Amino acid sequence: MEGRDANTEARRKPRLLDLVRDAISRKHYSRRTEESYIHWIRRFIYFSGKRHPEGMGAAEVTAFLNHLARERNVAASTQNQALSALLFLYKEALGTPLPWLDDLERAIRPARMPTVLTRNEATRLLAAMRGTKLLMASLLYGSGLRLRECLSLRVKDVDFEYRQIVVRDGKGAKDRVTMLPGSVTGPLRAHLVRVRALHERDLARGYGDVELPHALGRKYPKAPYEWGWKFVFPSHRLSIDPDSGVIRRHHVYENFLIRGVKEAARAGGIAKHVSCHTLRHSFATHLLEGGYDIRTVQELLGHSDVSTTMIYTHVLNKGGRGVASPLDGLPQ
């Protein structure tokens, strides 16, 4: 009888990863954050001999993070990501916050300069692109959007009259306003005409709803079918939502643009390592080159601290490095 009660209690006890997913849902964290946290929690458990985290604590967490820094030689950002996942596990999922990890060896964060395109290189890159890829890359360079911000952009957040884009739930769950380039408005309007026709066809076929953030779909049942909530860059095919099982049209997959930018860089003869984020770096640097003050650029980028934006002044050779070489002062 006692054995049966123990088995029943074990079945009722939620699985660890379900507790983590529930906590992430309560905090309204993104799906990408959920995937990252689950990944690091699993690696921690396997590293610790598949022991349950309830039976471990600060010593085991420190050992795992030190292993990442010493043996795996991970970047500082990677170690910080693992640390965030484990702090979340103990505080939010298990309800037992970890004490300060005194013996933690921090991975060294190298000081790296961002890759920035010249104006000529940006012109060649965009000239090598067509269609939706060109439109998306133009917004990354012309508005300073991050890749995920561009992918998740909704129709209602593009304001043609004020020539601005409202970025919802950007990095750090912050909203901000950035510019909508005038040269993009015409192509973007034409693109949205095609997207709306696609939306109308989906409605006629019995589909047409879209995923809404923070369970707004339950509060406003008709909102998922409204035009304003559609993604500006929808996928060309319907897919099954992994959480609800509903068939709907999501935004395009991120590799759609990642590959497009890399192919355009090769076609444009650009030797630099170019990624989607390079376009955002170039946006900031070229604004500073144009004489805009750093606080304005900070606001457009959505940086919480101006010191983050300051990296672009170093790209411009401002500050202590903005001096003329004595070699250039010699008679030629």
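Here the structure is a predicted model, which is why all the values come from computation and not from measurement.
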J.: Quick check: closest heavy atoms across A82 and L68, and the distance to 0.1 Å?
T.: CB-CD1, 3.7 Å
J.: How about OH on Y46, more than 12 heavy atoms from neighbouring residues, nucleotides or ligands closer than 6.0 Å, or not?
T.: no
J.: Could you pull out every donor-acceptor pair under 3.5 Å between side chains of residues 135-146 and any protein atom, sequence neighbours left out?
T.:
| unit_1 | atom_1 | unit_2 | atom_2 | d |
| --- | --- | --- | --- | --- |
| S138 | OG | L134 | O | 2.7 |
| Y141 | OH | H286 | ND1 | 2.8 |
| S143 | OG | M179 | O | 2.8 |
| R146 | NH1 | E149 | OE2 | 2.6 |

J.: Could you check if a side-chain atom of L188 sits within less than 4.5 angstrom of a side-chain atom of V158, using non-hydrogen atoms only?
T.: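 They are in contact (side-chain heavy atoms under 4.5 Å apart), so the answer is yes.
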J.: Are any of the side-chain heavy atoms of N80 and T78 separated by less than 4.5 Å?
T.: no
J.: Between R154 and W227, is there a donor-acceptor pair closer than 3.5 Å when you use the side chain of the first and the backbone of the second?
T.: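 No, because the side chain of R154 does not come within donor-acceptor range (under 3.5 Å) of the backbone of W227.
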J.: Is a donor on one side and an acceptor on the other found under 3.5 Å between the side chain of K230 and the backbone of G208?
T.: yes
J.: Measure from the ring center of F233 to the ring center of F256 and say whether it is less than 6.0 Å.
T.: no
J.: Going hydrophobic residue to hydrophobic residue with side-chain gaps under 4.5 angstrom, can you get from V195 over to V184?
T.: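 Yes, same cluster.
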J.: Tell me whether V246 shares a hydrophobic cluster with L212, the cluster being built from Ile, Leu, Val, Met, Phe, Trp, Tyr side chains joined at under 4.5 Å.
T.: no
J.: If you round to the nearest 0.5 Å, how far is OG1 of T96 from CG of L89?
T.: 7.5 Å
J.: Just by modelled atom types, is the V232 backbone N or O under 3.5 Å from a matching donor or acceptor in the H191 side chain?
T.: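 Yes, the answer is positive, given that a donor and an acceptor are paired below the 3.5 Å cut-off.
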J.: Membership question, hydrophobic clusters at under 4.5 Å side-chain separation (ILVMFWY): are L87 and V61 in the same one?
T.: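 In one cluster with V61: L87, yes.
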J.: Looking only at non-hydrogen atoms, find the nearest pair between P234 and L198 and report the distance.
T.: CG-CD2, 4.2 Å
J.: Less than 4.5 Å apart, side chain to side chain, heavy atoms only: is that true for S275 and V261?
T.: no
J.: Should V177 and I294 be counted in the same cluster of Ile, Leu, Val, Met, Phe, Trp and Tyr side chains packed under 4.5 Å apart?
T.: no
J.: Is the closest side-chain heavy-atom distance between R42 and L17 below 4.5 Å?
T.: yes
J.: Just how far is it from atom CD1 of I45 to atom OG of S48, taken to the nearest 0.5 Å?
T.: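 That separation rounds to 8.0 Å.
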J.: Tell me whether S152 contacts the main-chain N or O of R148 through its side chain, where contact means a donor paired with an acceptor under 3.5 Å.
T.: yes
J.: Do T178 and V167 come within less than 4.5 Å of each other through their side chains, counting heavy atoms only?
T.: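 Side chain of T178 against side chain of V167, heavy atoms only: contact under 4.5 Å found.
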J.: Can you label the angle between the H281 ring and the Y312 ring as parallel, tilted or perpendicular, going by 30° and 60°?
T.: tilted
J.: Any link between L203 and W229 through a network of hydrophobic side chains (Ile, Leu, Val, Met, Phe, Trp, Tyr) touching at under 4.5 Å?
T.: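 They do not share one cluster, since no chain of ILVMFWY contacts under 4.5 Å joins L203 to W229.
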J.: Determine, step by step, whether D22 and I24 satisfy the side-chain contact (heavy atoms from CB on, under 4.5 Å) criterion, reporting the C-alpha distance in whole Å, the side-chain angles of both residues, the deciding distance to 0.1 Å, and the verdict.
T.: CA-CA 5 Å; D22 289 343; I24 288 173; over 6 Å; no
J.: Give a yes or no on whether a salt bridge exists between D18 and R21, defined as a side-chain N under 4.0 angstrom from a carboxylate O.
T.: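 Looking at R21 together with D18, the answer is yes, because their closest N to O distance falls below 4.0 Å.
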J.: If I take atom CE from residue M56 and atom CD from residue E54, how far apart are they, to the nearest 0.5 angstrom?
T.: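 If we round to the nearest 0.5 Å, M56:CE and E54:CD are 10.0 Å apart.
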J.: Hey, does the Lys NZ or Arg CZ of R249 hover above the aromatic six-ring of F231, less than 6.0 Å from the centre and inside 45° of the axis?
T.: no
J.: For the pair R168 (side chain) and D175 (backbone), establish whether a donor and an acceptor sit closer than 3.5 Å, ignoring hydrogens and angles.
T.: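 Not a single qualifying donor-acceptor pair exists.
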J.: According to the interplanar angle, ranging from 0 to 90°, do the rings of Y90 and F44 count as parallel (below 30°), tilted (30 to 60°) or perpendicular (above 60°)?
T.: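 Rings of Y90 and F44: perpendicular, as their planes differ by over 60°.
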J.: Is it the case that atom CD1 in I240 sees more than 12 heavy atoms from other parts of the structure closer than 6.0 Å?
T.: no
J.: What's the separation between atom CZ in F160 and atom CG in L192, rounded to the nearest 0.5 Å?
T.: 5.0 Å
J.: CZ of R43 to CZ of F64: how many Å apart, nearest 0.5 Å?
T.: 5.5 Å
J.: For the pair F283 and L301, evaluate side-chain contact (heavy atoms from CB on, under 4.5 Å) and give the outcome as yes or no after the intermediate values.
T.: CA-CA 9 Å; F283 163 83; L301 290 172; 3.8 Å; yes
J.: Run the salt-bridge test on E299 and R176 with the 4.0 Å N-O cut-off and return the result as yes or no.
T.: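 Answer for the salt bridge query: no.
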J.: Tell me if a side-chain donor or acceptor on E263 pairs with a main-chain N or O of G260 at a distance below 3.5 Å.
T.: no
J.: Evaluate the side-chain proximity of T278 to K272: yes if any heavy-atom separation is below 4.5 Å, no if none is.
T.: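 Counting from C-beta outward, K272 and T278 never come under 4.5 Å.
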J.: Decide side-chain contact (heavy atoms from CB on, under 4.5 Å) for D202 and L238; before the verdict, give the C-alpha distance in whole Å, the side-chain angles of both, and the deciding distance to 0.1 Å.
T.: CA-CA 9 Å; D202 285 345; L238 299 169; 4.2 Å; yes
J.: Between the side chain of D305 and the main-chain N/O of T308, is any donor-acceptor distance below 3.5 Å?
T.: no
J.: Take S239 and H250 through the test side chain to side chain donor-acceptor pair (under 3.5 Å) and record every step on the way to the result.
T.: CA-CA 7 Å; S239 58; H250 203 53; over 6 Å; no
J.: Search all heavy atoms of L117 against all heavy atoms of V274 and return the closest pair with its distance.
T.: CD2-CG2, 3.9 Å
J.: Look at the side chain of Q79 and the backbone N and O of L65, then say whether any donor-acceptor pair between them is shorter than 3.5 Å.
T.: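 Yes; judged by distance alone, with no hydrogens or angles, the pair exists.
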J.: Could you go through the salt bridge (Lys or Arg N to Asp or Glu O under 4.0 Å) check for E226 and K156 one step at a time?
T.: CA-CA 10 Å; E226 294 176 358; K156 68 181 183 62; over 6 Å; no
J.: Are the charged groups of E92 and K27 less than 4.0 angstrom apart, N to O?
T.: yes
J.: Within the structure provided, determine whether D159 and I165 are in side-chain contact (heavy-atom separation under 4.5 Å).
T.: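 Result no, sub-4.5 Å side-chain heavy-atom pair not found.
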J.: Would you indicate whether R119, at its atom CZ, is surrounded by more than 12 heavy atoms from other residues, nucleotides or ligands within a distance under 6.0 Å?
T.: yes
J.: When you compare the side chain of H273 with that of K262, does any pair of heavy atoms fall below 4.5 Å?
T.: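 Side-chain contact under 4.5 Å: yes.
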J.: Counting only heavy atoms not in R51, do more than 12 sit closer than 6.0 Å to its CZ atom?
T.: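 Atom CZ in R51 is crowded, with more than 12 foreign heavy atoms closer than 6.0 Å.
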J.: Is a side-chain N or O of D157 found less than 3.5 angstrom from the main chain of L153, in a donor-acceptor match?
T.: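 No: the side chain of D157 does not pair with the backbone of L153.
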J.: Roughly how far apart are Q164 CD and L300 CG, rounded to 0.5 Å?
T.: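 Answer rounded to 0.5 Å: 11.0 Å.
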J.: Start with the C-alpha gap between E254 and R259, add the side-chain angles, then the distance that decides, and say whether salt bridge (Lys or Arg N to Asp or Glu O under 4.0 Å) holds.
T.: CA-CA 9 Å; E254 61 184 24; R259 281 197 291 262; over 6 Å; no
J.: Closer than 3.5 angstrom, by distance alone: can the side chain of R248 be matched with the main-chain N or O of G245 as a donor-acceptor pair?
T.: no
